[in-house]
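Notes for the one structure printed next.
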Amino acid sequence: MGMSGSKHFDKIAWTATILILGITILFMNGGDLGLQAMAHTMGYETRLFDNTKVHTVDIVMDDWDGFIANATSEEYADAAVVIDGEVYKNVGIRAKGNTSLSTVASLGSERYSFKIEFDHYDSSITYHGLDKLSLNNLIQDSTMMKDYLTYTMMNRFGVDSPLCSYVYITVNGEDWGLYLAVEGVEDSFLERNYGSDHGELYKPDSMSFGGGRGNGRDFDMGDFEKREETGALEVPEGFDASDMPGGFDASDMPEDFDPSDMFAGGGDGRFSVGGSGMGSSDVKLQYIDDEPDSYPNIWNNAKTEITKADQERLIRSLKKLSDGEQIESVVDMEQVMRYFVVHNYVCNDDSYTGMMVHNYYLYEEDGQMAMIPWDYNLAFGTFHAADADSAVNTPIDNPVSGGASDRPMFSWIFESEEYTARYHQLFTEFLNTVDIPKIIDEAYDLIESYVEKDPTAFYTDEAFEKGVETLRKFCDLRSESISMQLDSGETTKNMGCADASSISLADMGTMDGMGREGNEKRQMPGAVPSRQERSEGSGTGEADRPESSERMFGKGEAAAEAMNVMLPEGTLHPGKSDAGNFVSGSTSWIALTVSVLILGAGLVIATLYKR
């Protein structure tokens with residue numbers, strides 16, 4: 001081959017080298033170059049979170065009674081769990097909850113919510129890619145579906161939301177009850193929605209009962225009513241006790257309650273109270289100043305590892321948000337609007353737009369923020385459970401008592417006619433595309449038989465039926481009211497568009513297990529029946545039970561020995577999702593390896609051809 005041909009192939013080889021190296025760098029540093037990481041299928045989505053059936057979760061533990069006796073400590077214990085027949089041993093499980101934890105104990109019940117960490121003791125263990133799972137006990141919810149309905153609507157409307165499904169739990173072969181399984185908003189959730197190179201996650205909270213593990217286990221709303229007479233509780237100016245759920249009598253505060261936990265908000269977070277709600281400025285996502293120390297209730301509740309650079313970036317975004325500057329660059333506008341459409345439909349005062357200002361996740365990536373929903377068992381007006389007419393007709397532009405000017409993550413929507421019009425357009429889209437009655441009816445048909453045999457349920461079968469009937473009517477009336485608000489253009493004031501006088505919000509379950517009918521409080525069952533009492537009265541036979549740990553392992557010693565059972569082949573996929581996606585960080589090395597192999601092959605071919 002002549003000199004010119006040799007030079008020609010040299011150019012080809014070097015061009016190919018540069019191209020392949022460029023592609024490799026692009027894959028490895030796409031986030032820094034502004035490219036968006038692709039979300040991907042993990043594997044657990046179509047298994048445990050297939051919501052066309054009630055799944056089985058069997059918990060096998062040596063000393064379950066001891067675990068339950070120590071539940072309020074929220075300490076992890078070792079257990080084996082069997083999900084739809086797949087066995088996972090050596091996982092961590094603990095009781096979980098905010099006010100619900102102490103409420104369960106005060107009722108004399110053992111029906112706690114639980115959190116399962118598949119990777120607590122062994123970081124290689126996941127459930128088809130899922131690392132954390134919440135099992136919600138459906139307390140304060142006679143409908144058994146307030147959380148389920150809200151998460152389902154969020155997901156169907158395109159909001160990045162936790163997946164959920166119903167599960168029937170057995171413990172060492174004994175029926176335990178119907179729960180709601182909810183995807184943990186942690187590593188697996190982030191990878192599923194945002195890819196392996198995801199941003200930062202926070203769960204801002206300043207109320208000491210909602211920011212994370214341990215928060216709220218000593219808080220009892222029924223006790224949050226003492227000390228004013230003794231002077232121990234100094235109620236801040238502007239605080240309206242009528243905003244407290246179920247009414248509020250400040251003469252009944254417990255002796256060991258520290259009001260600074262409520263009104264100090266962690267000190268530097270600059271707690272504010274008034275008609276617009278209790279909560280620190282940082283939890284309201286207000287800009288305070290440029291000092292990271294001014295935002296403790298955000299950083300202390302970070303769910304990802306954060307750096308000083310992460311803090312400074314978020315503060316810059318909060319400043320622009322509060323100033324109303326470059327909103328498009330600091331807010332994922334479509335996601336946040338869709339979130340607030342569903343959120344404001346369900347009237348949840350136990351939230352960012354409520355008095356407590358908590359129960360949400362904040363996601364931030366490259367300076368852009370979004371909201372992730374959490375905890376809706378007191379939605380549909382049941383946090384206050386006062387006036388059904390007021391809840392049903394809550395104005396979609398003004399859901400915050402006292403106004404939303406101090407909630408910048410919501411108020412930005414009304415700083416531009418274009419933004420507001422889009423928000424209203426999305427409300428219309430939601431009402432036209434999400435079939436709410438169908439979701440309710442399908443959930444009812446799915447769980448009705450399980451509710452009947454649930455041995456630890458907080459409500460009777462009759463209360464469940466009444467609750468679901470009330471929920472259906474509430475949603476019908478809420479949809480009617482919002483349609484009339486949009487048609488009339490009156491979206492900021494409660495105009496009483498729909499008549500809800502025929503329903504009582506208390507029938508759906510309320511904050512303190514009570515509701516209001518006139519001025520009388522309806523009591524939740526004072527003592528939850530034991531499993532034996534409920535099962536004896538249910539008439540449920542063996543044929544009606546789902547597959548349980550008893551049939552899988554037997555009772556007594558056999559159940560205890562299940563802790564050492566050999567896992568069925570293919571049950572676990574440590575370190576990988578079902579789709580074959582390795583844990584975060586490995587994708588880049590795969591791209592590099594492939595690129596090097598291709599480059600090497602190309603050079604060999606070019607050299608041989610040159611000869």
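Nothing here was measured: the structure is a model prediction, and the numbers come from that model.
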Next item on the list: Take V54 and L446 through the side-chain contact (heavy atoms from CB on, under 4.5 Å) test and state the conclusion after the steps.
Entry: CA-CA 7 Å; V54 175; L446 190 67; 3.8 Å; yes

Item checked: Residue pair F114, W64: steps toward the ring pair (Phe, Tyr, Trp, His ring centres under 6.0 Å) verdict -> CA-CA 13 Å; F114 304 111; W64 178 258; 5.6 Å; yes

Item checked: salt bridge (Lys or Arg N to Asp or Glu O under 4.0 Å) between D119 and K132, intermediate numbers included -> CA-CA 8 Å; D119 58 356; K132 310 292 191 297; 3.2 Å; yes

Next item on the list: Go through the steps for K146 and D375 under the test salt bridge (Lys or Arg N to Asp or Glu O under 4.0 Å), then give the verdict.
Entry: CA-CA 9 Å; K146 285 186 282 186; D375 198 352; over 6 Å; no

Next item on the list: Test side chain to side chain donor-acceptor pair (under 3.5 Å) on D205 and N301 and set out the steps.
Entry: CA-CA 7 Å; D205 199 289; N301 294 301; 5.9 Å; no

Margin query: Pair W374, Y361 - check ring pair (Phe, Tyr, Trp, His ring centres under 6.0 Å), show working.
Written below: CA-CA 7 Å; W374 189 251; Y361 285 89; 5.7 Å; yes

Check: Where do L318 and M369 land on the side-chain contact (heavy atoms from CB on, under 4.5 Å) test, with the steps shown first?
Finding: CA-CA 9 Å; L318 293 176; M369 300 176 289; 3.8 Å; yes

Next item on the list: Start with the C-alpha gap between V81 and D58, add the side-chain angles, then the distance that decides, and say whether side-chain contact (heavy atoms from CB on, under 4.5 Å) holds.
Entry: CA-CA 5 Å; V81 295; D58 305 326; over 6 Å; no

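Closest of all the heavy-atom pairs between D310 and I306 is OD2-CA, 3.3 Å. A pairwise comparison of heavy atoms in F118 and I83 identifies CZ-CD1, 3.7 Å as the closest pair. Heavy atoms only, all atoms of each residue included: E465 and E448 are closest at OE2-OE2, 3.9 Å.
Inspection of the D131 and T126 side chains reveals no N or O donor paired with an N or O acceptor under 3.5 Å. D160 and Y339 form no side-chain donor-acceptor contact under 3.5 Å, judged by distance and modelled atom types alone. A donor atom on one side chain and an acceptor atom on the other are found under 3.5 Å apart for Y76 and E117. One side chain, H358 or D350, offers a donor N or O that lies under 3.5 Å from an acceptor on the other. Residues E191 and S196 have side chains that never bring a donor and an acceptor to within less than 3.5 angstrom of each other. Judged by distance alone, the side chains of N297 and S206 never bring a donor and an acceptor atom under 3.5 Å apart. Under 3.5 Å, the side chains of S165 and N51 contain no donor-acceptor pair of N or O atoms. Residues D122 and N90 bring no donor and acceptor atom of their side chains to less than 3.5 Å of each other. There is a side-chain donor-acceptor pair under 3.5 Å between S73 and N70. Of the N and O atoms on the side chains of K466 and S142, not one donor lies less than 3.5 Å from an acceptor on the other residue. Counting only N and O atoms by type, the side chains of H128 and E86 include a donor and acceptor under 3.5 Å apart.
Atoms CG and CD, on L426 and E334 in that order, are 5.0 Å from each other to the nearest 0.5 Å. How far CG of D349 is from CZ of F383: 7.0 Å, rounded to the nearest 0.5 Å. Note: R47 CZ to L130 CG = 12.0 Å, rounded to the nearest 0.5 Å. T150 contributes atom OG1, which lies 7.0 Å from atom CE of M154 (distance to the nearest 0.5 angstrom). I125 CD1 to H120 NE2: the interatomic distance, rounded to the nearest 0.5 Å, is 12.0 Å. Rounding to the nearest 0.5 Å gives a distance of 13.5 Å between CZ of R478 and CG of L471.
Checked by atom type and distance alone, the side chain of T470 never pairs as donor or acceptor with a backbone atom of M508 at under 3.5 Å. Remark: the backbone N or O of V451 is not paired with any side-chain donor or acceptor of D454 at under 3.5 angstrom. No donor-acceptor pair closer than 3.5 Å links the side chain of T170 to the backbone N or O of G173. With hydrogens and angles disregarded, no donor-acceptor distance shorter than 3.5 Å links the side chain of E452 to the backbone of Y450. The closest donor-acceptor contact from the side chain of H55 to the backbone of L48 lies under 3.5 Å. Distance alone, capped at 3.5 Å, places no donor-acceptor pair between the R94 side chain and the I116 backbone. For S161 (side chain) and V159 (main-chain N/O), a donor-acceptor pair under 3.5 Å exists by modelled atom type. Of the possible polar contacts, none joining the E74 side chain to the A71 backbone as a donor-acceptor pair under 3.5 Å is found. Put simply, the side chain of T460 gets close to the backbone of A463: a donor and an acceptor are under 3.5 Å apart. Under the 3.5 Å distance criterion, the side-chain polar atoms of E183 are left unmatched by any main-chain donor or acceptor of P162.
Using bins of under 30°, 30° to 60° and over 60° for the plane-to-plane angle, the ring pair F380/F474 lands in the perpendicular bin. Ring pair Y444/F464 is parallel by interplanar angle, where below 30° counts as parallel and above 60° as perpendicular. Below 30°, between 30° and 60°, or above 60°: for F430 and F157 the angle between ring planes is above 60°, a perpendicular geometry. In this structure, Y151 and Y376 have perpendicular ring planes: the angle between them is above 60°, well past the 30° mark.
Inter-residue side-chain proximity for I447 and Y168 is flagged as unmet; no heavy-atom pair is nearer than 4.5 Å. The closest side-chain heavy-atom distance from Y148 to D141 is not below 4.5 Å. Inter-residue side-chain proximity for T304 and E364 is flagged as unmet; no heavy-atom pair is nearer than 4.5 Å. Looking at heavy atoms from C-beta onward, L314 lies in side-chain contact with W299 at the 4.5 angstrom threshold. V82 is not listed as a side-chain neighbour of T56, based on a closest heavy-atom distance of 4.5 Å or more. With a 4.5 Å cut-off on side-chain heavy atoms, I440 and T143 do not count as touching. Using a 4.5 Å cut-off on side-chain heavy atoms (C-beta onward), W176 and E110 make contact. In this structure the side chain of D50 never reaches within 4.5 angstrom of the side chain of Y44, judged on heavy atoms.
The existence of a salt bridge linking K203 and E186 is excluded, since no basic side-chain nitrogen approaches an acidic carboxylate oxygen closer than 4.0 Å. Looking at K453 and D461, no side-chain N of the basic residue comes within less than 4.0 Å of a carboxylate O on the acidic one, giving no salt bridge. Salt bridge annotation for K303-D187: absent, with no cationic side-chain nitrogen under 4.0 angstrom from a carboxylate oxygen.
Under the 6.0 Å cut-off for aromatic ring centres, Y179 and Y166 do not qualify, their centroids lying 6.0 Å or more apart. Residues F340 and F410 place their aromatic rings such that the two centres sit under 6.0 Å apart. The aromatic ring centroids of Y194 and Y363 lie less than 6.0 Å from each other.
Test V104, T103, I68 against S109 for side chain to side chain contact (heavy atoms under 4.5 Å, CB included) and you get one pass: V104.
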